[in-house]
Amino acid sequence: MSDRSYGLHWFRRDLRLEGNPALARNLALHPGRVLGVFCFDRKFLSRPDFSAARFLFFLRTLEKLRAEMRERGGDLLFLDEGPRETFPALLASLRELREYGRPATVSWNRDYEPFARERDAAMQSLFEEDFGVESLTERDHLLIEPTELARGDAKAPGGGFYQVYTPFKAKWFSLFRSSDVNARLRETGRALSAGAPAFSLAWPKSSPAFPFGGHDLLAEYLAATRKLVPPALASGGPRVGHAAAKEHLRGFRDEWLAKYAEARDFPAVPGTSQMSIYLKNGSITVPQIVALLKLTPDSPEPELKYFQELVWREFYYHILYHRPEVEREAFLPKYRNLRWENSEKLFRAWCEGRTGYPIVDAGMRQLNATGWMHNRVRMIVASFLTKELLVDYRWGERYFMEKLLDGDLAPNNGGWQWAASTGCDPQPYFRIFNPTSQGERFDPDGKYVRRWLPELADRPDRELHEPLDPLVDHAKQRERALALFKSAREE
Ligand SMILES: Cc1cc2nc3c(=O)[nH]c(=O)nc-3n(C[C@H](O)[C@H](O)[C@H](O)COP(=O)(O)OP(=O)(O)OC[C@H]3O[C@@H](n4cnc5c(N)ncnc54)[C@H](O)[C@@H]3O)c2cc1C
């Protein structure tokens, strides 16, 4: 490569400079001379599951990333067209500018969602065939990619990929012990201690020859999106960026990790790591968490339990990769024609936290106010929607995507299909959570429920989790749910 050669890094869901594998590879080819670009496809604004709160968190993270790049001598360009429109125009324009010319490389970290895989394949041929720009892609947010976990004969029924978590985990842990993964984790640890790289190239100033970046589009998007979210999230919300994610993780490690195995089920205590919001946009990755906490399959119980939750995340990505149709339909064919009742009225009451079941309503109010919900409560409200209100899990899945800061297709779909018993390795259909006893067991002193339902503040502890003017009767609905599943099984 010549001294003047340079590269582009296409940021997508890898919003950090530290230990960013594709960016690092590009920088190794052109030291300092890599420009960042992010293209926001405006079509996302009209998706039914678009979440203004998650988008705001994403934009705030992007703003922080741009500031960090600028402080370090580089720059990030935010454009609001999809990559298929953005890159041809951008590359054509750069080619005409003498000090820039054609970039030698464009790098990005791999993604595994169906839409992203299709987009990336198209972009790779556009870069290479139409523009003669080399594509550099790297693994990033998964430690072990779905293609590395082959199982048996791909052509045999059920062959090719793991569909049950326990054998998946066993294989995943055996690969974890391989020299390849060990070397990768050492590199992850080394890159984390090296910190953020330095840059020596900025985007051209806006001009008729380079009509990009004339005004601060990112700031405009931030201001417009702030107006769409609840006030508490518009002005506050979790801190953003890699340093914030690492600091939060260290706090969790020092205070909660040793107690994780018990504390993780109690929504009133901050006993989980809350890493999901940072994992979603790549402020931190699973390999980085594993390296920072020094997790291994031989870690003692609380650490191992935490490690296994990260493996669940990898499992759901693995399923989505091998069975992309789960995005639209049940994993298990026998449940694709379940006759959900889909009452709009009951669904609305669930969304607004007005079912009369305290633990369900508290969870939904936490979600609506903060964009986050504790895992135990996610399981309870998902079971309630599908097996008590008899509403299609896809309605709940979409509502979660509209609200969650950590809304992420693979684990969200996996979690919903688990709770609705339609997924791979799901909760058996006849196991139906009783919201009252779940509340009594996991919120015994009522702290969680009282926090989100202040109107129950004075209700005595022993009655706290009893339903109050419930929309439906648990025992009756349970029978109806069993009948619904049985009839689908018999068809
Ligand atoms: C109905 C339902 C919907 C869900 N939707 C999402 C979603 O949109 N995005 C999302 O990231 N997670 C989702 N989950 C999984 C889980 O609830 C969250 O990952 C977890 O609550 C995040 O909090 P934490 O980071 O404090 O978790 P911790 O307990 O600290 O766990 C650490 C990490 O492990 C992973 N993890 C933990 N539990 C699970 C799980 N059950 N499945 C997959 N990965 C897991 C997450 O990446 C999490 O950040 C869903 C679960 C259910 C039951």
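Numbering of residues begins at 1 and proceeds along the displayed sequence. Read the numbers this way: they start at 1 and go in the same order the structure lists the ligands and their atoms.
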What is the nearest protein non-hydrogen atom to [atom], stated with its residue, atom name and distance?
{"atom": "atom 53 (C) of ligand 1", "result": "Met379 CG, 3.7 Å"}
{"atom": "atom 24 (P) of ligand 1", "result": "Gln274 N, 3.4 Å"}
{"atom": "atom 9 (N) of ligand 1", "result": "Asp406 O, 2.9 Å"}
{"atom": "atom 4 (C) of ligand 1", "result": "Asn412 OD1, 3.6 Å"}
{"atom": "atom 27 (O) of ligand 1", "result": "Thr272 CB, 4.1 Å"}
{"atom": "atom 41 (N) of ligand 1", "result": "Asn375 OD1, 3.9 Å"}

Checking side chain to side chain contact (heavy atoms under 4.5 Å, CB included) against Phe347, which of Asp392, Leu389, Leu385 comes through?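 Looking at Asp392, Leu389, Leu385, the match for Phe347 under the side chain to side chain contact (heavy atoms under 4.5 Å, CB included) is Leu385.
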
With a distance cut-off below 6.0 Å to the six-membered ring centre and an angular limit of 45° from the axis, does [X] pair with [Y] as a cation-pi contact?
{"X": "Lys169", "Y": "Trp172", "result": "no"}
{"X": "Arg60", "Y": "Phe55", "result": "no"}
{"X": "Arg323", "Y": "Phe331", "result": "yes"}

When you look for heavy atoms under 4.0 Å from ligand 1, do you find them on the side chain of Ile277, its backbone, both, or neither?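 Near ligand 1, Ile277 shows nothing, with every heavy atom at 4.0 Å or more.
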
Residues which pass side chain to side chain contact (heavy atoms under 4.5 Å, CB included) with Thr370, listed by chain and number, not counting sequence neighbours: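 Gln366, Trp372, Trp452.
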
Between Ser276 and ligand 1, is there a nitrogen or oxygen pair with a distance under 3.5 Å?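 Between Ser276 and ligand 1, an N or O pair is found under 3.5 Å apart.
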
Please check whether Met275 reaches ligand 1 - meaning an N/O of the residue sits under 3.5 Å from an N/O of the ligand, judged on distance alone.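 Looking only at distances, the answer is yes, because the N/O contact criterion of under 3.5 Å is met.
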
For [atom], the option (of [options]) bearing the nearest heavy atom:
{"atom": "atom 2 (C) of ligand 1", "options": "Ala420, Gly415, Gly407", "answer": "Gly415"}
{"atom": "atom 42 (N) of ligand 1", "options": "Trp372, Tyr278, Tyr317, Tyr316", "answer": "Tyr316"}
{"atom": "atom 31 (O) of ligand 1", "options": "Trp312, Phe307, Trp418, Tyr260", "answer": "Tyr260"}
{"atom": "atom 36 (N) of ligand 1", "options": "Glu309, Gln427, Lys305, Arg378", "answer": "Glu309"}
{"atom": "atom 10 (C) of ligand 1", "options": "Pro411, Ser273, Ser383", "answer": "Pro411"}

Candidate pair Trp312 and Tyr316, rule ring pair (Phe, Tyr, Trp, His ring centres under 6.0 Å), full reasoning: CA-CA 6 Å; Trp312 268 106; Tyr316 285 138; 5.5 Å; yes

For a 4.5 angstrom cut-off between non-hydrogen side-chain atoms, does Met123 reach Arg119?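 Side-chain contact under 4.5 Å: yes.
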
Glu113 bridged to Arg13 by N-O distance under 4.0 Å: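 Looking at Glu113 and Arg13, the cut-off is met.
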
Arg12 bridged to Asp120 by N-O distance under 4.0 Å: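 A salt bridge links Arg12 with Asp120.
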
Close approach, Phe315 and ligand 1, non-hydrogen under 4.0 angstrom: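 No; Phe315 lies far enough from ligand 1 that no heavy-atom distance drops under 4.0 Å.
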
Between ligand 1 and Arg264, can you find any atom pair, the residue atom being a heavy atom, that is separated by under 4.0 Å?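 Distance cut 4.0 Å: Arg264 fails for ligand 1.
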
Please could you name the atoms of ligand 1 that [X] approaches to less than 4.0 Å, counting only its heavy atoms?
{"X": "Tyr306", "value": "30 (O), 31 (O), 32 (C)"}
{"X": "Asp408", "value": "7 (C), 8 (O), 9 (N)"}
{"X": "Leu279", "value": "47 (O), 49 (O)"}
{"X": "Arg313", "value": "43 (C), 44 (N), 47 (O)"}
{"X": "Leu310", "value": "33 (C), 34 (O)"}

Ser283 and Asn281: side chain donor to acceptor below 3.5 Å: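 Checked: Ser283/Asn281 side chains pair up, N/O donor to acceptor below 3.5 Å.
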
Scan residues 379-388 for pairs that pass side-chain hydrogen bond (donor to acceptor under 3.5 Å, both in side chains), counting only residues two or more places apart or in two chains.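 Qualifying pairs, neighbours excluded: Lys387-Ser421, Glu388-His474.
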
Under 3.5 Å donor-acceptor, Glu148 side chain and Glu145 backbone: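 Side chain of Glu148 to backbone of Glu145, a donor-acceptor pair under 3.5 Å: yes, one is there.
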
Between Asp361 (side chain) and Leu453 (backbone), is there a donor-acceptor pair under 3.5 Å?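 No, the answer is negative, given that no donor and acceptor are paired below the 3.5 Å cut-off.
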
